[in-house]
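Take a look at the structure set out below.
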Amino acid sequence: MSARFLILCSLILTLFSCAEPQVKLLSPSIIPAPQSLQVNAGHFTINEETTLSNNDDFTASYNFLNNFLEHATDRTWKTEYSETNSIILEYDDSISSKEGYSIESNEHNITIKASTDAGAFYAVQSLLQLMPADHNNTTEIHIPAVTIKDEPRFKYRGMHLDVSRHMYDVDFIKKYINAMAMLKMNNFHWHLTDDQGWRIEIKKYPRLQEVAAYRDSTLLGHYNDTPHQYDGKKYGGFYTQEEVREVIAFAKARHINVIPEIEMPGHAQAAIAAYPELGCTGENVQVAMKWGVFEDIYCPSEETFTFLENVLDEVMELFPSKYIHIGGDEAPKTQWKTSDVAQQVIKENGLKDEHELQSYFIQRMEKYLNSKGRQIIGWDEILEGGLAPNATVMSWRGTNGAVEAAKARHDVIMTPTSHAYFDYYQSENDDEPLAIGGFLPLEKVYNFNPIPKELSDEEAIHVLGVQGNVWTEYMTTSEQVEYMAFPRMLAMSEVAWSVDENKNYDSFINRVEYFHKRLDAMDINYANHLYEIEGTLNEDQAYELSTKTIGKQIRFTTDGSEPDSSSTVYESPFPFTADMTLKAQVFDDDEPLGRLFTQELLYHKGVGATISINKEPHNSYPGSGASGLINGIKGSDSRYGDSEWLGFWGDDIEIEITFKEPVLISEIELRFYNAPGQWIYAPEEFSFYSRFESGVLVADKILFKNEFQSSLVDFKYEFGKYNKGYKSRNVKFIIPNYGIIPDGNQGAGNKAWTFIDEIIIK
Ligand code: ACM
């Protein structure tokens, strides 16, 4: 069988069976994509005689592979070299990348070469992905003949997990780490402390276990639901030091470093509940029962510093990680402003304000950790008031923090909410399980470019890598964590590992489709949105449907009925000239796949007009551009991050719509999103102007009270009373930003966001 034939077969089918020889070979579908992969003629067969040839330097890789093979083949493997039937781990110091490797498989052997155990370990992960997902208890495993040369793009490839808001048992933490290892990720960021629970045993402070680890009750539903309701059940627990050691050892055997996060000075309410003297008020507080940002933060007293140093001593004893994450995010300064202790520290140290006090706090902790040979990582707020000299910054509020830090020659890790927050919704489907908000579909994660364009090549060297964050307010079970993390973790692994030239979303999606079998074999509850349909109105006012998987059909109806295997197959965009309810579904021949797509299309007088906005929407929330405000499609009532909502951060905006022909307007409706928990505030007023066909201009200011009762302010007003029967040439809206977020709210002191879609003109 020729190589060309083999490659052709593998291109046609993911799993295929060629006439000669009679084996099923897998088309390589490795995630993350290796730097180079060539499929050759032939294959290697693991049979009952195959041996494993070890190299003394590759202990973790050898152990991992040996365990895997023994389990898969249900036999003990001999460790010896055989010229004709071995999997060989070979040291090769010509492989300069510490995490790089090569694999050569042919009919005689599989040879893995690397210059470190880490490189060999990643080779093993690729090798396992050359095997079928359902290999268990088979006597023979066939592996295609390939030549792979590979190394990572970034040296930091991380996943985060918040275990404060909800907690998961050690078995699950290991399962999560195991999946990370499969994807060649190398840093597990363990978010161990927060307002809602302290989760690591600190022997010197028993009340952290007795008090800080438990909350009396937990918020039900979404934070934006009013009034807040609680379940009335005590919730909590903590990881013993023994368990922490077990997790770290498990991770180490997979070349994963575990970075503990001990939050300071904010997100400290649980610790203050246990030891009120750590706060500035001295008052008793409870471990938080709802989500958000709280004003009870550590007071910058000597007592607090001693406490934190003692805590970190025990943490450092457990965690060998060079990096210790000290949080630093979302620390309201309200209590520091009125605290004698805090004001005294400001005075004694010649600090300008409470931001400099936060910087003083972090720098002092950095000095302590540096003195023990460790380095700090902090969220990007640690830039405010002056960055600690050796700190690495985790940029989460967009990428500006990363730009500022990298320009100042500090290392950065990219975790912007826009591309790395796996607690956001991944589908616009209304039946997605409750999530915090936002919208981060797989494709957006995949297309994340971690190097901000503002950085020169030299500055970009400071971008160590990327990380997916899993905040767990709305993830009560480990199954839910899996649903939110997979498959987005797969996409992030490719962002972290694969060079741009090897990244291709269509190829990735096809690999994900096969990868489902691997995730099934690992009993991972992944989300499957591969067969979802996207609909957009194109520039010709025609409606387009698309789906990501190839080789399938989309069938649709426009009369509200559910499509079946006899419904029209979508072939090209169709005109949008009337209201319609579109329903569409992906079919594989007669079999419907995935979920039904439903879109209400509202044919109003703005559709097809020209629109301009004085400001660009924020690049994290561009919706479908200005024209998306008048495309007949309303933004979701519950997902502000979908492809319709346009988000503006702090800007006053002016929107002008000019009609092709003058139109008689009876009503105008503006829709704003409202989610104070996510810093999104509908405005409390806007003005409009309209020039009539006659040349007359009208203007008015509309005021309305925002009660924050729902996630939507859907504001309609009668326009007929202004126009007296005259047609309008254009309408213009001036929409001021809500302003600075008031004290006592999440994001207090920051500019509010404005989200708008759609402007409906009847
Ligand atoms: C964060 O999401 N507060 C870092």
Side-chain angles (χ1 to χ4, degrees), residues 21-26 28 30 34 37 39-95 98-150 174 177-179 181-182 184 246 249-256 517-518 521-522:
Q22 288 289 327
V23 295
K24 271 189 172 177
L25 282 184
L26 189 66
I30 297 171
L37 182 154
V39 179
N40 305 321
H43 65 277
F44 178 80
T45 300
I46 293 177
N47 58 29
E48 290 183 348
E49 264 76 59
T50 311
T51 61
L52 191 51
S53 168
N54 189 22
N55 176 298
D56 288 345
D57 291 322
F58 297 161
T59 319
S61 315
Y62 167 79
N63 288 339
F64 191 92
L65 182 57
N66 190 49
N67 284 344
F68 175 89
L69 291 169
E70 295 203 346
H71 181 75
T73 58
D74 201 19
R75 71 170 170 92
T76 308
W77 277 57
K78 273 197 210 138
T79 309
E80 65 183 27
Y81 178 79
S82 143
E83 210 161 287
T84 53
N85 194 359
S86 258
I87 301 175
I88 303 158
L89 300 178
E90 195 173 303
Y91 178 79
D92 181 350
D93 66 2
S94 73
I95 296 182
K98 282 208 183 88
E99 297 182 301
Y101 68 89
S102 68
I103 300 177
E104 182 78 40
S105 60
N106 55 39
E107 63 206 77
H108 304 300
N109 292 317
I110 296 176
T111 308
I112 282 173
K113 290 184 183 172
S115 57
T116 67
D117 190 26
F121 185 79
Y122 297 132
V124 167
Q125 299 312 316
S126 291
L127 173 62
L128 301 190
Q129 290 191 32
L130 293 171
M131 300 181 191
D134 46 357
H135 44 65
N136 270 0
N137 295 323
T138 45
T139 47
E140 291 196 338
I141 302 174
H142 303 290
I143 293 162
V146 292
T147 305
I148 298 178
K149 289 191 172 24
D150 199 9
K174 289 181 179 172
I177 288 172
N178 202 43
M182 167 178 67
K184 304 188 175 82
E246 191 182 322
F250 183 88
K252 182 164 181 258
R254 286 157 182 76
H255 283 282
I256 291 176
K517 293 192 208 306
R518 296 195 193 284
M522 295 166 82

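A side chain to side chain contact (heavy atoms under 4.5 Å, CB included) with P28 holds for exactly one of I148, V39, I143; it is V39. Screening H142, E140, M131 for a side chain to side chain contact (heavy atoms under 4.5 Å, CB included) involving I46 leaves a single residue, M131.
In K174, the NZ atom is crowded: over 12 heavy atoms of neighbouring residues, nucleotides or ligands sit closer than 6.0 Å. The 12-atom threshold is exceeded at CD of E80, counting heavy atoms of other residues, nucleotides or ligands nearer than 6.0 Å.
Between S86 and N109, the side chains place no donor N or O within less than 3.5 Å of an acceptor N or O (distance only, hydrogens not considered). Between the side chains of S115 and D93, no donor-acceptor pair of N or O atoms lies under 3.5 Å.
The shortest side-chain heavy-atom distance between K252 and F250 does not fall under the 4.5 Å cut-off. Using a 4.5 Å cut-off on side-chain heavy atoms (C-beta onward), H43 and L130 make no contact. Between M182 and N178, the closest side-chain pair of non-hydrogen atoms is not below 4.5 Å. Contact annotation: the side chain of K517 never approaches that of P132 to less than 4.5 Å [non-hydrogen atoms, C-beta and beyond]. A heavy-atom distance below 4.5 Å is not found between the side chains of I103 and L37. Y62 has its side chain out of reach of V124: every pair of non-hydrogen atoms, C-beta onward, lies at least 4.5 Å apart.
Residues satisfying the ring pair (Phe, Tyr, Trp, His ring centres under 6.0 Å) criterion with F64, sequence neighbours excluded, are F121.
Although no hydrogens or angles enter the test, the distance criterion places a donor-acceptor pair under 3.5 Å between the side chain of D117 and the main chain of S61. A donor-acceptor distance shorter than 3.5 angstrom exists from the side chain of S105 to the backbone of P144, with no hydrogens or angles considered. For N47 (side chain) and T50 (main-chain N/O), a donor-acceptor pair under 3.5 Å exists by modelled atom type.
A salt bridge between K113 and E104 is absent, with no side-chain N of the basic residue lying under 4.0 Å from a carboxylate O of the acidic one.
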| Under the side chain to side chain contact (heavy atoms under 4.5 Å, CB included) criterion, do Y122 and D150 qualify, and how do the steps go? | CA-CA 9 Å; Y122 297 132; D150 199 9; over 6 Å; no

| message | Checking E99 against T116 for the side chain to side chain contact (heavy atoms under 4.5 Å, CB included) test, could you report, in this order, the C-alpha distance in whole Å, the side-chain angles of both residues, the deciding distance, and whether it holds? | response | CA-CA 7 Å; E99 297 182 301; T116 67; 5.7 Å; no

| task | For the pair F58 and I112, evaluate side chain to side chain contact (heavy atoms under 4.5 Å, CB included) and give the outcome as yes or no after the intermediate values. | result | CA-CA 11 Å; F58 297 161; I112 282 173; 5.7 Å; no

| said: The test is side chain to side chain donor-acceptor pair (under 3.5 Å); show your working for N106 and N40 and say whether it passes. | reply: CA-CA 8 Å; N106 55 39; N40 305 321; over 6 Å; no

